[in-house]
Amino acid sequence: MTVLPRFNPANYPELHVMHFGYEKEGLFTEDYDDRDDDGERCNPYFRHDGSVEASESYEGDIADTVNGEISSPKFRIDRFLQFRNFEKSNPVEWTDDTCGIHVHVSTNNALAFQKLCDLEFYTKFRKDIWRFMHNTGLFCEETVQQFEDRFNGESQYCLSGFNPDKSINAGMRDFKTIYTSTNGRYNDLNFDAYHKFGTLEARIFPSSSSHDEVINMVEWFVNFTNHYLSNATPYERGNNEDVEIFVDETKINEEVLLCV
């Protein structure tokens, strides 16, 4: 009788988030645009972003501000204190409903990212983030209202959509799922970021001038994603198993041209 090999869960790594980072849009004090003697910007994490329209509702002196976004460095999953210190050292002067916080997460292997492409992940994400923003008491009324607008797809930069196959397989632009928007980049979960950064980007969070609100939103998404991956079963993780293919046993089918 043939003895099948035993499945050993210890042979397969657990799935988890490896790194994270974020972008924060809004109006910043003019010193963000200052340059040193070599012409380099004094704050290397700042860049101008013409898509931000916060200046239209700003009641202060526009001449003392610059329009743009802060793009954080890459943080390890166990470096939340480093992230918090960075956020507190980069305050935003003003935000409105056009400004967002974009959170990026990368995973420890391709299978982990594949798990984030499941519709189950998107469904749970939408349900849990609504509860988090409304029921925890961590956010002001204005932030919650701006979140609702983004959640309902009322922002042109954050649409309700789920199309990882269309985003990752760039040539399959006609692929349809039950959740599809016209532009994968501007979905609440942006899988197009995988091409450029190897990350999944959450665009559903509104920007905020409150450090605590920003920290809570970023850390919630990182922890939510990491917790989802950590619950993958050993059998799912076993999909990483290497399969040896013996060339000598491979059969090649010849193509036959039929003429009528």
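What you see is a predicted model; the values in this text were computed from it and never measured.
- Aromatic pair Phe205/Phe132: centroids not less than 6.0 angstrom apart.
- Ring orientation note: the planes of His48 and Phe46 are nearly perpendicular, at an angle over 60° on the 30°/60° scale.
- Arg126 has a carboxylate O that lies under 4.0 Å from a charged side-chain N of Asp188, or vice versa, which qualifies the two as a salt bridge.
- With respect to Arg203 and Glu201, a salt bridge is recorded, a charged nitrogen being found less than 4.0 Å from a carboxylate O.
- For Glu69, the side-chain contact (heavy atoms from CB on, under 4.5 Å) partners at least two apart in sequence or on another chain are Glu23, Glu25, Arg47, Asp49, Ser71.
- Ring centers of Phe221 and Phe20: at least 6.0 Å apart, outside the cut-off.
- In this structure Glu87 satisfies the salt bridge (Lys or Arg N to Asp or Glu O under 4.0 Å) test together with Lys24, sequence neighbours excluded.
- Residues forming a salt bridge (Lys or Arg N to Asp or Glu O under 4.0 Å) with Asp78 (at least two apart in sequence, or on another chain): Arg76.
- By the side-chain hydrogen bond (donor to acceptor under 3.5 Å, both in side chains) test, Thr29 is found to be paired with Asp31, residues two or more places apart in sequence or in another chain being considered.
- In the hydrophobic cluster analysis, where Ile, Leu, Val, Met, Phe, Trp and Tyr join through side-chain heavy atoms closer than 4.5 angstrom, Val222 is grouped apart from Phe197.
- For the side-chain contact (heavy atoms from CB on, under 4.5 Å) test, residues two or more places apart in sequence or in another chain that qualify with Ser106 are Met18, His19, Thr199.
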Inset, instruction - Check the pair Phe83 / Tyr22 against side chain to side chain contact (heavy atoms under 4.5 Å, CB included), numbers first and verdict last. - result: CA-CA 10 Å; Phe83 150 65; Tyr22 73 107; 3.4 Å; yes
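- Residues satisfying the side-chain hydrogen bond (donor to acceptor under 3.5 Å, both in side chains) criterion with Asp128, sequence neighbours excluded, are Lys124.
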